[in-house]
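Below is one structure, written out as structure tokens, with a few remarks after it.
For the numbers below, each heavy atom of this structure counts, side chains included, while hydrogens, waters and symmetry mates do not.
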Amino acid sequence: MRARWSGAFRPDVARMTSMASTDITPEPASGARGAFSSRKVFILAAIGSAVGLGNIWRFPYVAYENGGGAFMIPYIVALLTAGIPFLFLDYALGHRNRGSAPLSFARTGRAAEGLGWWQVGICFLIAIYYAAVIAWSVRYTFFSVNKAWGDDAEGFFFNDFLKIGDPGIDSTLVWGVVIPLAVVWLAVLAIMLMGVEKGIGKTALIFIPLLVLAFVALVVRSLFLDGAATGLDALFTPDWGTLTHPGVWAAAFGQIFFSLSIGFGIMITYASYVHEDTDMTGSGLVVGLANSGFELLAGIGVFAALGFMSQAQGVGVGEVASDGIGLAFIAFPAIISEAPAGAFIGVLFFGSLVIAGITSLVSILEVVISAVRDKFELSRTAAALVVGVPATVLSLGLFSTTSGLYVLDILDHFINQFGILLVAVISMIVVAWAMRKLPVLADHLNRNGSIHLGRWWRLLVGLVTPLVLAYVLVQAFWSDVKTPYEDYPSWMLATFGWGAAALVMLLGYVLAPAPWRSGTEFETDASIERKGDQS
């Protein structure tokens, strides 16, 4: 997003022009790669991927900090002009080309394959630290029963639970994290080994309704707490003056982009598992609206609880409001300690984090497994183990130690900003301008789609969205250059921040030249279009 060609993926434009008409023969969705059994299963799996930890602990605070009720205007604009249109782009790439992220980009234009591997690298790094947060949530689900943190939720989290020291690398293991983290990885690997339908699909069918029920129960309980109305007033009272601030609009676009799981291979991969005749645009609208609906529900539940806490402590809502890890593992335990039926609230809240985290983690890991299978002709079991075992070892080695929180915080910040956003902007530019594939992709989705993609979609994906996201990225880049992130040691930022972001870019150059599995064929757009007409 804030980089020029020279800073990331350097495409050979001449080669792209010559290869732009090449595609690979689409494979049936029901083939050896696996498939979702129905559109309903696909939609639930996509919602499971989109609804994650960020919906629960990021959206409420972002909305509160950026105008409250007024923030919903730029949020809805961002959803309709960037989020859903980009979701359609991911769907088109995966559904038309029947492949993982690298294979779908290769089938769109061979020179673009590196973008797919860049996305694979991003997903691998996200998976290894995302599992750690789920493991913390598992422990806190049980801690909630007897309010194990006592009167000092902050001290308990940092000192007693994580046992963190000064910023740096310390290999001392924290067994309170090792065990739940190992359990999380065993559960996720079992899901991945079962495959697309029996593993990912069945998980979504069970977990998403369970998540909705648990979170609705949490919201209802929070609304009956004393002070809940104060919290909701703080969240929804509009500050119309904020609508003139570019940063507020940038925050809305950034929130939509991150919360929908778009731009880093997940929705490309999931779309490749759907039958060719599926209405993908209608499905995308359902996924986008469901994700935003859950974010709004999370905002209501979280700020109702924060309103109770502010009243109990006799301070303003702004003094107790926070986001991310601070909200989940410090503010909410404090609420649980004070609230009537606090243990019930705690089990619902942290249980929801576990469920939302698991459904998102399996989608992140599937991007890597699917790519490895497509490229190297491995069985489902072999690919799941080749990817899952190293991921488990790295996750345990980095995030179950006393320095794990520092590494997690740095990785999360830099991979989100300079991994996901950057590859998304470059992929839009490459697909729209270097390969000029947007009309072809629109035609594919229009065959069975209930929403017609015309020039408006090409304008949004090819121009508006990349420009807005580039602005968000430039802001983040300048901020991190001007002020070192959280004042961490420069060597840690260079290794786990800038270095990790650069490493996933280089992955594309390393893996793209490797030959594709036998039987992978290319043919012209014209022949593919003829097949589409015949079908």
- prompt: Taking Trp240 for the side chain and Ala70 for the main chain, is one N or O donor matched with an acceptor at less than 3.5 Å?
  reply: no

Quiz item: Is the backbone N or O of Ile128 less than 3.5 Å from a side-chain atom of Ser395, with the two atoms forming a donor-acceptor pair by type?
Solution: yes

N/O donor-acceptor pair under 3.5 Å between Lys163 side chain and Asp160 backbone: yes

task: Verify side-chain contact (heavy atoms from CB on, under 4.5 Å) between Trp175 and Leu173, making sure each step is shown before the conclusion.
output: CA-CA 6 Å; Trp175 289 103; Leu173 290 176; 3.9 Å; yes

| field | Exercise: do Asn55 and Ser259 side chains pair donor with acceptor under 3.5 Å | value | no

- Would Leu297 and Val216 count as a side-chain contact (heavy atoms from CB on, under 4.5 Å) if you check the C-alpha gap in whole Å, the side-chain angles of each, and the deciding distance to 0.1 Å? CA-CA 8 Å; Leu297 185 68; Val216 167; 4.1 Å; yes

Can a donor-acceptor pair be found, under 3.5 Å and without considering hydrogens, that links the side chain of Gln119 to the backbone of Gly263? yes

Practice prompt. Would you confirm whether Thr483, through its side chain, and Asp480, through its main-chain N or O, come within 3.5 Å as a donor-acceptor pair?
Written response: no

- Query: Taking C-beta and beyond as the side chain, do Gln255 and Glu295 meet within less than 4.5 Å on heavy atoms?
  - Reply: yes

Discussion item. Quick one, Ile208 and Thr359 - any side-chain contact, counting heavy atoms below 4.5 Å?
Written reply: yes

CD1 (Ile200) and CG (Leu205) are apart, to the nearest 0.5 Å, by 12.0 Å

Rounded to the nearest 0.5 Å, the CD1 atom of Ile134 sits from the CH2 atom of Trp185 at a distance of 8.5 Å

Leu348/Phe344 under side-chain contact (heavy atoms from CB on, under 4.5 Å): CA gap, chis, key distance, verdict
CA-CA 6 Å; Leu348 288 177; Phe344 177 69; 3.4 Å; yes

**OP:** Would you indicate whether the side-chain heavy atoms of Val184 and Val138 approach each other to under 4.5 Å?
**Re:** yes

Nearest heavy-atom contact between Trp456 and Ile451 is CZ2-CG2, 4.4 Å

d(Ile358 CD1, Ser137 OG) to nearest 0.5 Å is 9.5 Å

In this structure, CZ of Phe418 is separated from CD1 of Ile420 (nearest 0.5 Å) by 12.5 Å

Counting N and O atoms only, with roles assigned by atom type, does the side chain of Ser322 sit under 3.5 Å from a partner on the main chain of Leu327, one being a donor and the other an acceptor?
yes

Does the side chain of Lys202 come within less than 4.5 Å of Glu197's, by heavy atoms? yes

Side-chain donor-acceptor contacts of residues 39-53 below 3.5 Å, not counting sequence neighbours, with atom names and distances?
{"from": "Arg39", "atom 1": "NE", "to": "Ser283", "atom 2": "OG", "distance (Å)": "2.7"}
{"from": "Arg39", "atom 1": "NH2", "to": "Ser283", "atom 2": "OG", "distance (Å)": "3.4"}
{"from": "Ser49", "atom 1": "OG", "to": "Ser261", "atom 2": "OG", "distance (Å)": "3.2"}
{"from": "Ser49", "atom 1": "OG", "to": "Ser363", "atom 2": "OG", "distance (Å)": "2.9"}

Note: Phe257 and Ala424 closest approach over all heavy atoms is CZ-CB, 3.1 Å

Whether the His245 and Asn66 side chains hold a donor-acceptor pair (N or O, under 3.5 Å, no angle test) is what I'd like checked.
no

Residues 308-323 vs salt bridge (Lys or Arg N to Asp or Glu O under 4.0 Å), sequence neighbours excluded, gives none

Side-chain contact, heavy-atom cut-off 4.5 Å: Glu366 with Ile266? no

request  = Report, as yes or no, whether the 6.0 Å neighbourhood of atom CG on Asn146 holds more than 12 heavy atoms from other residues, nucleotides or ligands.
outcome  = yes

Should Phe88 and Val461 count as side-chain neighbours, where that means a heavy-atom distance under 4.5 Å? no

CG (Leu235) and CG (Leu306) are apart, to the nearest 0.5 Å, by 9.5 Å

Using the ring centroid of each side chain, check whether Phe414 and Phe496 are separated by less than 6.0 Å. no

dist Thr392:OG1 -> Leu189:CG (nearest 0.5 Å) comes out at 4.5 Å

Quiz item: Side chains of Phe71 and Thr242: closer than 4.5 Å at any heavy-atom pair?
Solution: no

Given the options Phe332, Phe215, Phe329, Trp57, Phe349 meets ring-ring contact (aromatic ring centres under 6.0 Å, His included) only with Phe332

(message) Checking the side chain of Tyr130 only, and the main-chain atoms of Cys123 only, is there a donor and an acceptor separated by less than 3.5 Å?
(response) no

Verify whether one side chain among Thr237 and Asp239 offers a donor that lies under 3.5 Å from an acceptor in the other. no

- Item | Distance-only donor-acceptor check, side chains Ser292 and Tyr75, under 3.5 Å | yes

Measuring only between side-chain heavy atoms, which start at C-beta, is His452 closer than 4.5 Å to Thr281? no

query: Can you find a side-chain donor-acceptor pair between Tyr485 and Gln417 that sits under 3.5 Å?
result: no

Q. For the ring pair Tyr140 and Phe161, is the centre-to-centre distance below 6.0 Å?
A. yes

Closest non-hydrogen contact found for Met280 with Ala271 is CE-CB, 3.8 Å

In terms of heavy-atom contacts, Leu125 and Leu411 come closest through CD1-CD2, 4.3 Å

In terms of heavy-atom contacts, Pro180 and Arg139 come closest through CG-CG, 3.5 Å

#### Entry: Step-by-step side-chain contact (heavy atoms from CB on, under 4.5 Å) determination, Phe86 to Leu469
CA-CA 12 Å; Phe86 195 98; Leu469 293 181; 5.5 Å; no

Per side-chain contact (heavy atoms from CB on, under 4.5 Å), Ile268 is matched among Ile262, Val367, Asp90, Leu89 by Asp90

Looking only at atom types and distance, does a side-chain atom of Asn416 sit under 3.5 Å from a main-chain N or O of Asp412, one as donor and one as acceptor? yes

Result for ring-ring contact (aromatic ring centres under 6.0 Å, His included) between Phe143 and one of Trp149, Trp136, Phe156, Phe350 points to Phe156

Tightest non-hydrogen contact, residues Leu460 and Leu80, listed as CD1-O, 4.2 Å

Checking the side chain of Trp249 only, and the main-chain atoms of Leu243 only, is there a donor and an acceptor separated by less than 3.5 Å? yes

